[in-house]
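Here's the structure we're looking at; comments come further down.
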Amino acid sequence: MWSKIASMLAALASIAIMSSQHEFSWSGENFLLDGKPFLIRSGEMHYTRIPRPYWRDRLLKAKAMGINTLCTYVFWNSHETSPGKFDFTGQNDVAAFVKEAQSVGLWVIVRPGPYVCSEWEWGGFPWWLATIPGIKVRDLNQPFLKRSEIYLNAVGKQLAPLLIENGGPIIMTQVENEYGSFGADHLYMETIRDQIKAAGFTGQLFTSDGPGQGMLRGGTLPDCLSVCNFGGGPKGAFEEFAKFRKNVPKMCGEFWAGWFDHWGSDHAKTNTKSQVDDLAWMMENNVSFSIYMLHGGTTFGYMNGANWTGDGYRPDVTNYDYDSAIDEAGRLTPKWHAMREAVLSRCPDAEKIEPPASLPMISIPKFQLQKSGSLFSQLPKPKLSERPMSFEELGLGRDLLCIERR
């Protein structure tokens, strides 16, 4: 009883503190919150991959692990399913997700893309982009930039009011995503940066890339902070980063504390001890981090992406558990407990609250299917063509397509 009351009082105190005006900046190798050094201890979770009734449960479990910041992508294809028609309601209410994070005492980092990767359908691009004549994505291409500007403006209307300078929890906004792994067009990156600023994201901007010199040169901008992404070996990664930039805050923008699964492969199992040791090194060396993923959840519907692995094009599975500290069903794993111990033993400012209990699992009684029907009898009237037509030509964004040869 008393532990629950203490947790409630701590949460109320966090809300009161974060509802007042704050400032976020940086100087030398430190991030600054209200002028004082601030180590970002972030965990990534995606609103689209967690059923909305469970948002608060997962956020409280992140907070109880010693995390002080939430990081999330914003998925273009979830919000603009057809040109100019946006949906920020229900499961897509990203502003509500950010406010929920604030209510439990977490700061927020947003990553609106427009490209996000994330083992998500076309990296977050809406399917209908492929129907626009002459379009070339992630490029200084006017048809693409026209649509990205419309999208980013729509996101700005939702999230710019929640920047820290406006009394909200958002402390940083990412420009594009790991662009240095794709190209090196700085004019393109500058254009996306300017679109993000024009959309209302006037606070701290940053880019995120691998620690290799080519990736850093290709994906960074001189007036944006740069963070690097990796799954191990932080000492070596930041020695490499130091060849590129010095006297700036060091942050692992994606610490891959797990991995995703392809169809036909075993479920990822990664080394918890190694990951905890890397987290400990970062905390002991004033390196901020964001654990990717702290809770992966589920890629619902047909939003799972695919990866080129060198030996073929391999689709990802719906499960996005990621061998994360909080598993797909929201249960705490041994990794969560080990990471919590590492954080709480090194960060005296971390709030020591207890996590919510695991939610009960439903039981499904046995049932029998009494009716059946032919799949082909349920199909709509076919379209005839002299050649196979693409999904986009047929006005389909996803689902399944049956091709019959006559």
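Model, not experiment: these values are computed from the prediction. These numbers come from the heavy atoms of this one structure, side chains and all, not from hydrogens, waters or symmetry mates.
Between the CZ atom of R340 and the CE atom of M65 there is a distance of 10.0 Å, given to the nearest 0.5 Å. To the nearest 0.5 Å, the span separating CG on L279 from CZ on R41 amounts to 11.0 Å. The CG atom of N271 sits 10.0 Å away from the CG atom of D323 when rounded to the nearest 0.5 Å. M303 contributes atom CE, which lies 8.0 Å from atom OG1 of T48 (distance to the nearest 0.5 angstrom). For the atom pair K99 NZ and D93 CG, the distance stands at 7.5 Å (nearest 0.5 Å). The distance from the OG1 atom of T272 to the NE2 atom of H337 is 11.5 Å, given to the nearest 0.5 Å.
Evaluated for a ring pair (Phe, Tyr, Trp, His ring centres under 6.0 Å) with F31, the options F206, F24, F289 yield exactly one hit, F24.
A donor-acceptor contact closer than 3.5 angstrom is absent between the side chains of T207 and Q174. E121 and Y302 form no side-chain donor-acceptor contact under 3.5 Å, judged by distance and modelled atom types alone. For the residue pair S25/Q204, the side-chain donor-acceptor check at 3.5 Å is not satisfied. With 3.5 Å as the limit, one finds a donor-acceptor pair spanning the side chains of D87 and T89. Using a 3.5 Å distance cut-off with no hydrogens or angles, the side chains of W120 and N77 do pair a donor with an acceptor.
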Stepwise side-chain contact (heavy atoms from CB on, under 4.5 Å) test for V116 and R111: CA-CA 8 Å; V116 300; R111 309 205 284 166; 5.7 Å; no
Apply side-chain contact (heavy atoms from CB on, under 4.5 Å) to the pair C71 and M45, showing each step before the final yes or no. CA-CA 6 Å; C71 186; M45 299 185 190; over 6 Å; no
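Under the side chain to side chain contact (heavy atoms under 4.5 Å, CB included) criterion, L401 pairs with F391, L394, L396, I403, sequence neighbours left out. Not counting sequence neighbours, the partners of H267 by the side chain to side chain contact (heavy atoms under 4.5 Å, CB included) test are D261, K269, N319, D321.
The main-chain N or O of A242 is found under 3.5 Å from a side-chain atom of K246 such that the two form a donor-acceptor pair. Distance alone, capped at 3.5 Å, places no donor-acceptor pair between the T299 side chain and the N304 backbone.
A salt bridge links E176 to R138: one of the charged nitrogens lies within less than 4.0 Å of a carboxylate oxygen. In summary, K250 and E29 engage in a salt bridge, as defined by a charged side-chain N under 4.0 Å from a carboxylate O. In summary, R387 and E393 engage in a salt bridge, as defined by a charged side-chain N under 4.0 Å from a carboxylate O.
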Less than 3.5 Å apart, which donor and acceptor atoms pair up between the side chains of residues 224-240 and the rest of the protein, not counting sequence neighbours?
from : atom 1 : to   : atom 2 : distance (Å)
N229 : OD1    : S208 : OG     : 2.9
N229 : OD1    : E254 : N      : 3.0
N229 : ND2    : E178 : OE2    : 2.8
N229 : ND2    : S208 : OG     : 2.9
K235 : NZ     : E239 : OE2    : 2.7
E240 : OE1    : K243 : NZ     : 3.2
E240 : OE2    : Q213 : NE2    : 3.3

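Checked against the 6.0 Å centroid threshold, Y188 and Y179 count as a close aromatic pair. Taking the six-membered ring for Trp and the full ring otherwise, H295 and Y322 have centroids separated by 6.0 Å or more. Not less than 6.0 angstrom separates the ring centroid of H79 from the ring centroid of F86. Taking the ring centroids of W256 and Y292, they lie at or beyond the 6.0 Å cut-off.
A perpendicular orientation is assigned to the rings of F38 and W107, their planes being inclined by more than 60° (bins at 30° and 60°).
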